[in-house]
Amino acid sequence: MLEVIGVKSLDDLFPTIPDDSKINQELDLPEALTEWELNDHMDQLAAKMATGPGVKTYLGAGSYDHYVPASVPFVLSRSEFVTSYTPYQPEMSQGTLQAIYEYQTMSCALMGTDVSTASHYDGATAMAEGLLIAVRKSRKNKVAISAAIHPFYRQVIHTYFEPTGFELVELPYLPDGRTDLTGLAGIEDLGAVGVQSPNFFGCIEDLGAAAEATHDKKAFFVAGFSEALAYGLLKSPGSQGADLVAGEGQSLGVSRSFGGPYLGMLGATKKLMRILPGRLVGRAKDMDGKDGFVLTLSAREQHIRREKATSNICTNVGLCAVQAAMYMASIGKAGIKELARLNHDKAEYLKRKLTTAGAAVPFSSPTFNEFVVQLPSGKEAAYQRLLDKNIVLGLPLEKFYPELSRCYLVCVTETKTKDDLDALTKELLS
Amino acid sequence: MTEKVGTTGLVLSEKLLWEKSRPGRCGMSIPKRDVEESPLDDSLTGEGPELPELSEIDVIRHYTRLSTWNYGVDTGTYPLGSCTMKYNPKTNERQAALPGFAGAHPLLPTEKAQGALEIMHTLEQAFAEITGLDAVTLQPAAGAHGEMTGMLVIHAYHKKQGRQRTKVLIPDTAHGTNPASVALCGYEPIPVVSDENGILSVESVAAVMDEDVAGIMVTNPNTLGLYEENLKQIAALIHAKGGLVYGDGANLNAVMGIVQMGKVGIDVMHLNLHKTFSTPHGGGGPGSGPVCVTRELEPYLPVPRVTKTGDLFDLDWNRPDSIGKLGAFYGHFGVMLRAYAYLRMMGAAGLKKTSQLAVLNANYVKEQLRDTLHLAYDRPCMHECIFSDKNQKPHHITTMDMAKRLIDHGYHPPTVYFPLVVEGAIMFEPTESESKDELDQYIAAFKAVAQEATENPDALHQAPKATVVRRLDETTAARKPCLAG
Amino acid sequence: MTKEAHELNLPADIKYAKAHEWARVDGEIVIVGLDDYAQDQLGDIVFVEMPEVGETFDKDSVFANVESVKAVSECYSPVSGEIVEINERLEDEPELVNNDCYGDGWFVKIKATNLAEMDSLMDHEKCRASVKGE
């Protein structure tokens, strides 16, 4: 091959790089391992993680512990899905395209929207970009977001908005744990409103009222979520008047993986379809009239519209979207409802047990599978004591909300049994 | 050519999920109820989403059949320029699936997540070494997200200097994401024209550089597959006027262990783990786009930062100058794990060899096809080479026709119609993964297509014929969009 | 394959702007659309992003975007004024721009603030000459 090219050695392949730009010594990197050494090394590192059968975590807060049937990762691992690129050549990418189209359809059913994108990075960036396109479309300047949106999501929203010149205002939460919407009426130049439900405290918001108050101001309502499974049971955000719905789909078959990759879900009414960020798959006919699928409405995107694109997103999380589609296809209409109900009922069971045993539940609004619990004073050491026994009670909230001292965000999913919940109560409050 | 790789096999048809749905079927074992039902107000609950009802075998067959309509790196040569479709080692998948990692909650107390933090810390150090820069964030979720992160860092830097700037220079060979990323940060992109050799000249940059320019966004090697020979001088020019140099690392696969971009004047650079570091593309993602910066820019990186004190790893959230957060947690850890496995198996010598072989393969393709296709820039290329359809135009054959016919021969086409500066561009990036035998077969297939272009152009206009569907009507799809149901 | 200059249909009773918008005066209203050259160059038009009725535009400012499958282009207002009507049919039938650019494929009606601006536009001969130069 060197002969065909007309050079003598591999080193001669770089004549256009100035010599003073080349490095002369080898990079300082860890030495190369064999596959078997790597396995040992990785097993050792994995063992330093508090996961597995000996550990019980009651952490939710945007990352949820749900069962995933073995069939999902198995069929997902088909090389043709995993090792293909973005479907720019539709004739040889119909597998990905149909799978994404089906994902979009099931996402629309879950979120109650007319359209859904092919995915965004995660719930936080989906929400940030949803709010951005909404306020741009409104041609107004202010965006109001609830203080009960996940604190990390709010940080991401702030990061995205910082250089834009749009102004962000925060709506406080009420004593019952829901967002206080009364201030909306007084905000001038309001272009978009963002509320998460179930919110960060697990409380189910009145999205219908929020949508109405937003529309009264001629602004767009963006409903967020971090726990997609909730919409197996709850009224969808779209059906309650949300113009855009943005959230996290990790619960639909995607593993927790220390925070990613997850699945940003973003849906909208048909009216906003042409300003959505990211890829969309649509139906098309081929030369013979046969049904197929293509990436469509590409004129919105960065590779065509460049600096005037609705977003810069290119690579998304396609494989996670296919994974979620496989999960939704497996669980089905009746299954998702039953599973969501079970999550709610188990969380309610623990809530009752903890209250009976002397803990407080500061927010009275109904919740889905997460809620805030406040330990009685004098019991602060319980969190660490449990941690030493490999039980992670939940997320301490004081760091995010200084007023919520001794409060923990606790999540119960179908993976916890009644015995687990009884044992937790006993350990915590005995 | 002896035998065509692409033949007609048995293609199974498959309906949409909901056309297969039958009431009462469920493909998942629903956990037993061991607590009583608790009330929830009717005003809050809905009917539940209309998901299809299928058994496990229905689901498995559905997706297995769909997968056979796809083509991946594991199927065959996939020389998609600018995308670095290299082989994805399977040990990567084993490591990412380890329950200790796959089951780890991101908000575990850090003393309970030492394994993950150690991996992130080691990876950051390795990327700093490879790029010759000082500090790294792994948080960006993809290349474009990395670009945005880098531009936000530049934006924060100028703000801290007390004077915000308004423009960013972008060469005409840039990826479409570059101008879009710049615009997201409120900057106006200013195009810079590449010279007759396809690279940036110091003069063309000097002509547009002033003190309202926040910086320049350079892809090196650029999207024509050429090394930016004047980069050092250009960087000095930008720095002299107070600007910063952003490096788009999409093409890093050409220069690992050969050039450290931090040493040739780049201040901020993103990497694409799903390109250079062998993590699979997944039909469009997930990717991962770490950003490497100089010491001076480290204070602006996203929170949290991974720290190491003694043997203990931790997360530092207290960074007053940070641009904030770019994603819900710490980035695509599952993708980082795969890149980590790759790095640990390659080592320094392996990475350098990777770049050498990637460049060898591209130059080999260039030499073997130069009599068949019109070569856009007749210069030594890096890891990719660019041709056009100029030789075929007289036969009314376009780049698109050749790409589609190549599918019938059993191959994924190269990148087409990009970069925009070459009309009818055909961009090959064979990567280091392809052996000479594989390349020779691909080259033979392309030559066969070019021959058909003169002898039987209709075969190209009608292509592809061997796929599950033929050319699709994208116009009607966009005019009357049907995106669900 | 795109049309040659002599193949273009450029009616003599209307005026043409540099970016190939056409304008026809009807009383104090100016009807605006894209000319044959523009629609031919863009290829199959898939969407027209319209302004809203009541919006005002200065001459030469962007009042609409036209999307084809692989491109987007901006349309500049040939005169200053207020949008009084938009062609709502284009929302569902963008192909009208390709099929009948001077008839059913019109874009907007503008109530012009200064009809004298029409004088700065090209007539059909100049327009054809400008295409030959391109």
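Every chain is numbered from 1, with letters handed out A, B, ... down the list of sequences.
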Q: Any side-chain donor paired with an acceptor under 3.5 Å for A:Q302 and B:H175?
A: no
Q: In terms of heavy-atom proximity below 4.5 Å to chain A, should B:L108 be classed as side chain, backbone, both, or neither?
A: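 Both the backbone and the side chain of B:L108 come within 4.5 Å of chain A.
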Q: Just wondering, do A:P163 and B:L184 contact through their side chains at under 4.5 Å, heavy atoms?
A: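 Result no, sub-4.5 Å side-chain heavy-atom pair not found.
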Q: State whether B:E118 and A:K48 are salt-bridged, where the test is any N-O pair (Lys NZ or Arg NE/NH1/NH2 against Asp/Glu carboxylate O) under 4.0 Å.
A: yes
Q: What part of B:H412 is in contact with chain A, defined as an atom under 4.5 angstrom from a non-hydrogen atom: side chain, backbone, both or neither?
A: both
Q: If we check side chain to side chain donor-acceptor pair (under 3.5 Å) with B:S38, which of these qualifies: A:R352, A:H344, A:E348?
A: A:R352
Q: Does any heavy atom of chain A fall under 4.5 Å from the side chain of B:S67, the backbone, both, or neither of them?
A: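 Both parts, backbone and side chain.
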Q: Pick from B:A116, B:G327, B:A104: which one has the most heavy-atom pairs with chain A under 4.5 Å?
A: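 Counting heavy-atom pairs under 4.5 Å, the top option is B:A104.
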Q: Please state whether the side chain, the backbone, both or neither of B:P464 comes within less than 4.5 Å of a heavy atom of chain A.
A: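 Just its side chain gets close to chain A.
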Q: Going by an N to O cut-off under 4.0 Å, is there a salt bridge joining A:K285 and B:E474?
A: no
Q: Check whether any side-chain heavy atom of A:L29 sits under 4.5 Å from a side-chain heavy atom of B:I130, and report yes or no.
A: yes
Q: Rounded to the nearest 0.5 Å, what separates atom CZ in B:F333 from atom OG in A:S255?
A: 10.5 Å
Q: For the pair B:R94 and A:D43, find out whether any cationic side-chain nitrogen is under 4.0 Å from an anionic carboxylate oxygen.
A: yes
Q: Given heavy-atom pairs under 4.5 angstrom as the criterion, report whether the side chain, backbone, both or neither of B:A97 touches chain A.
A: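 Answer is neither: B:A97 stays 4.5 Å or more from chain A.
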Q: Does a donor on one side chain sit under 3.5 Å from an acceptor on the other, for B:T68 and A:R78?
A: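 Side chains of B:T68 and A:R78: no pair found under 3.5 Å.
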Q: Tell me every residue that passes side chain to side chain contact (heavy atoms under 4.5 Å, CB included) with A:D286, counting only those two or more places apart in sequence or in another chain.
A: A:D288, A:K290, B:V469, B:R470, B:L472
Q: Considering only heavy atoms from C-beta outward, does the side chain of A:N39 approach that of B:Q95 to under 4.5 Å?
A: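 A side-chain contact exists here, since the closest heavy-atom pair is under 4.5 Å.
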Q: Give the ring-plane orientation class for A:F152 versus B:F329, where under 30° counts as parallel, over 60° as perpendicular and anything between as tilted.
A: perpendicular
Q: Can you check whether A:F293 reaches B:C482 side chain to side chain, under 4.5 Å on heavy atoms?
A: no
Q: What part of B:L98 is in contact with chain A, defined as an atom under 4.5 angstrom from a non-hydrogen atom: side chain, backbone, both or neither?
A: side chain
Q: Relative to chain A, which segment of B:I30 carries a heavy atom at a distance below 4.5 Å: side chain, backbone, both, or neither?
A: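 Just its side chain gets close to chain A.
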Q: Out of curiosity, A:I5 CD1 to B:Q368 CD, how far, rounded to the nearest 0.5 Å?
A: 9.0 Å
Q: With a 4.5 Å limit on heavy-atom distance, are the side chains of B:E367 and A:M1 in contact?
A: no
Q: Check each atom of B:N88 against the heavy atoms of chain A and say whether the ones under 4.5 Å are side chain, backbone, both or neither.
A: side chain
Q: I need the B:D74 CG to A:T83 OG1 distance, nearest 0.5 Å.
A: 4.0 Å
Q: Side chain, backbone, both or neither: which part of B:P109 has a heavy atom under 4.5 Å from chain A?
A: side chain
Q: If the plane angle is over 60° it's perpendicular, under 30° parallel, otherwise tilted; pick one for B:H332 and A:Y121.
A: perpendicular
Q: Between A:E91 and B:R471, is there a side-chain N and carboxylate O pair less than 4.0 Å apart?
A: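 B:R471 and A:E91: not salt-bridged.
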Q: In terms of heavy-atom proximity below 4.5 Å to chain A, should B:K366 be classed as side chain, backbone, both, or neither?
A: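 When you check distances to chain A, no heavy atom of B:K366 falls under 4.5 Å.
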Q: Need one label for B:P99: side chain, backbone, both or neither, based on atoms under 4.5 Å from any heavy atom in chain A.
A: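 For B:P99, backbone heavy atoms alone lie under 4.5 Å from chain A.
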Q: Quick one: side chain to side chain contact (heavy atoms under 4.5 Å, CB included) partners of A:A109, sequence neighbours excluded?
A: B:P49
Q: Counting heavy atoms not belonging to B:K353, are there more than 12 under 6.0 Å from its NZ?
A: no
Q: Would you say A:L280 and B:P481 make side-chain contact, with heavy atoms under 4.5 Å?
A: no
Q: So, A:F258 versus B:F101, ring centres under 6.0 angstrom or not?
A: no
Q: Rounded to the nearest 0.5 Å, what separation is found between the CZ atom of A:F14 and the CE atom of B:M382?
A: 5.5 Å
Q: Flag the pair A:D65 / B:H105 as yes when at least one side-chain heavy-atom distance between them is below 4.5 Å, and no otherwise.
A: no
Q: Side chain from CB out, backbone as N, CA, C, O: work out which of these in B:T476 comes under 4.5 Å of a heavy atom of chain A, or both, or neither.
A: neither
Q: For a 4.5 angstrom cut-off between non-hydrogen side-chain atoms, does B:V59 reach A:S71?
A: no
Q: Is chain A contacted by the side chain of B:H155, its backbone, both, or neither, given a heavy-atom distance below 4.5 Å?
A: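 Contact with chain A: side chain only.
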Q: Answer with side chain, backbone, both or neither: which region of B:Y364 has an atom nearer than 4.5 Å to a non-hydrogen atom of chain A?
A: both
Q: Between the side chains of A:T96 and B:N70, does any donor sit under 3.5 Å from an acceptor?
A: yes
